[in-house]
Amino acid sequence: MKGSYVLLIELKKDDYIQFGKKHKAFFKKGFYIYVGSALNGLEQRIQRHLRSNKKSYWHIDYLLQYSQIIKVFYKKSKDRDECKIAYIFAKKLKTIQNFSCSDCKCKGHLFYGSKKELDDVIKKLKMTHFMK
């Protein structure tokens, strides 16, 4: 299965978090949305994110060491739609600059907001809920 996915994440306390080799930022406790894609093995990519025991490779891996995935949503597609989805979140939520966007022109693929704000945008995207 190919497509894009969204992780709803909760960070329970404020923290400075290193992500990748070059970036360190202050993350406020609360709710985050991460947008990603997998054009070879969407379900396997989501399952990897849900595992707690893994090597940190992507920016999201570093954040997930300090946070918890609450829900996962996905959309099947042959196209890489993550930037289109990220753009929709960026219009409504605070973008975490330079997070997981080194291979595109987006300002970031991680967003911060209230749980209600995040849920409202997710509903508009009409994505399928991934059952853990």
Side-chain angles (χ1 to χ4, degrees):
M1 181 169 45
K2 300 176 180 191
S4 298
Y5 60 93
V6 168
L7 306 178
L8 175 58
I9 300 165
E10 182 177 15
L11 181 64
K12 298 216 180 207
K13 65 177 189 137
D14 295 346
D15 211 339
Y16 282 93
I17 299 173
Q18 175 93 28
F19 58 97
K21 295 177 182 175
K22 300 178 182 177
H23 304 287
K24 186 173 188 174
F26 178 75
F27 288 81
K28 289 173 42 175
K29 74 176 183 176
F31 296 95
Y32 292 83
I33 282 289
Y34 172 75
V35 181
S37 67
L39 296 182
N40 288 316
L42 179 62
E43 188 170 359
Q44 291 87 346
R45 176 71 53 85
I46 293 169
Q47 291 292 351
R48 182 189 185 282
H49 289 313
L50 292 170
R51 286 196 327 253
S52 57
N53 224 1
K54 61 183 171 260
K55 183 178 178 184
S56 292
Y57 180 73
W58 292 294
H59 286 172
I60 190 62
D61 294 335
Y62 294 90
L63 177 61
L64 290 176
Q65 291 175 20
Y66 299 90
S67 60
Q68 175 183 348
I69 296 173
I70 297 174
K71 291 182 183 176
V72 179
F73 299 89
Y74 70 94
K75 178 182 173 186
K76 292 181 188 179
S77 175
K78 293 177 184 174
D79 301 319
R80 186 175 172 202
D81 293 329
E82 73 181 293
C83 293
K84 292 176 189 172
I85 295 168
Y87 178 76
I88 293 166
F89 280 106
K91 290 192 306 188
K92 302 278 184 185
L93 304 166
K94 179 183 184 242
T95 303
I96 308 305
Q97 299 289 317
N98 302 314
F99 198 98
S100 287
C101 60
S102 59
D103 60 348
C104 67
K105 294 181 181 183
C106 296
K107 292 181 181 177
H109 283 199
L110 183 69
F111 306 91
Y112 178 82
S114 71
K115 187 160 184 317
K116 182 184 179 339
E117 289 173 315
L118 300 173
D119 285 341
D120 288 347
V121 177
I122 291 169
K123 284 178 189 171
K124 290 177 184 173
L125 293 171
K126 297 180 181 173
M127 297 178 92
T128 304
H129 183 244
F130 182 86
M131 303 305 272
K132 296 185 197 182

- Message: Assess the residue pair Lys124 and Ile88 against the criterion (side chain to side chain contact (heavy atoms under 4.5 Å, CB included)); give the C-alpha distance rounded to whole Å, side-chain angles, the decisive distance to 0.1 Å, and a yes or no.
- Response: CA-CA 10 Å; Lys124 290 177 184 173; Ile88 293 166; 6.0 Å; no
- side chain to side chain contact (heavy atoms under 4.5 Å, CB included) between Phe73 and Leu125, intermediate numbers included: CA-CA 10 Å; Phe73 299 89; Leu125 293 171; over 6 Å; no
- Before giving the answer on side chain to side chain contact (heavy atoms under 4.5 Å, CB included), spell out for Lys2 and Leu42 the whole-Å C-alpha distance, their side-chain angles and the decisive distance to 0.1 Å. CA-CA 5 Å; Lys2 300 176 180 191; Leu42 179 62; 5.8 Å; no
- Message: Could you walk me through whether Lys71 and His129 satisfy the side chain to side chain contact (heavy atoms under 4.5 Å, CB included) test, starting with their C-alpha distance in whole Å, then the side-chain angles of each, then the deciding distance to 0.1 Å, before giving a yes or no?
- Response: CA-CA 7 Å; Lys71 291 182 183 176; His129 183 244; 3.9 Å; yes
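Closest approach of Gly36 to Glu82, counting heavy atoms only: CA-OE1, 3.6 Å. When all heavy atoms of Ala90 and Thr95 are compared, the closest pair comes out as CB-OG1, 3.8 Å. Looking at every heavy atom in both residues, Gly108 comes nearest to Ala86 through O-CB, 4.2 Å. Among all heavy-atom pairs drawn from Lys55 and Arg48, the shortest one is O-NH2, 2.8 Å. Leu93 and Gly113 get closest at one heavy-atom pair: CD2-CA, 4.1 Å. Annotation for Met127 and Ser4: closest pair CE-O, 3.8 Å, computed over non-hydrogen atoms.
Judged purely by atom type and a 3.5 angstrom limit, Lys54 uses its side chain to pair as donor or acceptor with the backbone of His49. Within the 3.5 Å criterion, the main-chain N or O of Trp58 finds a donor-acceptor partner in the side chain of Asp61. A side-chain donor-acceptor contact under 3.5 Å links Tyr112 to the backbone of Lys29.
Residue Tyr5 is not grouped with residue Leu39 when hydrophobic side chains (ILVMFWY) are merged at heavy-atom distances under 4.5 angstrom, including chains of intermediate members. Hydrophobic clustering of Ile, Leu, Val, Met, Phe, Trp and Tyr side chains at less than 4.5 Å, counting indirect connections, unites Leu50 with Tyr32. Following chains of ILVMFWY side-chain contacts shorter than 4.5 Å, one cannot reach Leu64 starting from Tyr16, and the two form parts of different hydrophobic clusters.
The SG atom of Cys83 sits 10.5 Å away from the NZ atom of Lys105 when rounded to the nearest 0.5 Å. Rounding to the nearest 0.5 Å places OG of Ser52 at 10.5 Å from CD of Gln65. Once rounded to the nearest 0.5 Å, the distance linking CD of Gln18 with CG of Leu63 reads 13.0 Å.
Exactly one of Ile70, Asp119, Leu11 qualifies for a side-chain contact (heavy atoms from CB on, under 4.5 Å) with Phe31. That residue is Ile70. Looking at Tyr62, Phe99, Tyr34 one by one, the single match for ring-ring contact (aromatic ring centres under 6.0 Å, His included) with Phe19 turns out to be Phe99.
For the pair Ile33/Val121, no side-chain contact is recorded, criterion being any heavy-atom separation below 4.5 Å from C-beta on. Contact annotation: the side chain of Phe130 never approaches that of Ile69 to less than 4.5 Å [non-hydrogen atoms, C-beta and beyond]. When side chains are defined from C-beta on, Gln68 counts as touching Lys12, because their heavy atoms get closer than 4.5 Å. The shortest side-chain heavy-atom distance between Phe89 and His109 does not fall under the 4.5 Å cut-off. Contact of the Tyr66 side chain with the Phe27 side chain is not registered, since no non-hydrogen atoms from C-beta on lie closer than 4.5 Å.
Around CZ of Phe26, the count of heavy atoms belonging to other residues, nucleotides or ligands within 6.0 Å exceeds 12. Counting heavy atoms of neighbouring residues, nucleotides and ligands inside a 6.0 Å radius, atom CG of Asn40 does not exceed 12 of them.
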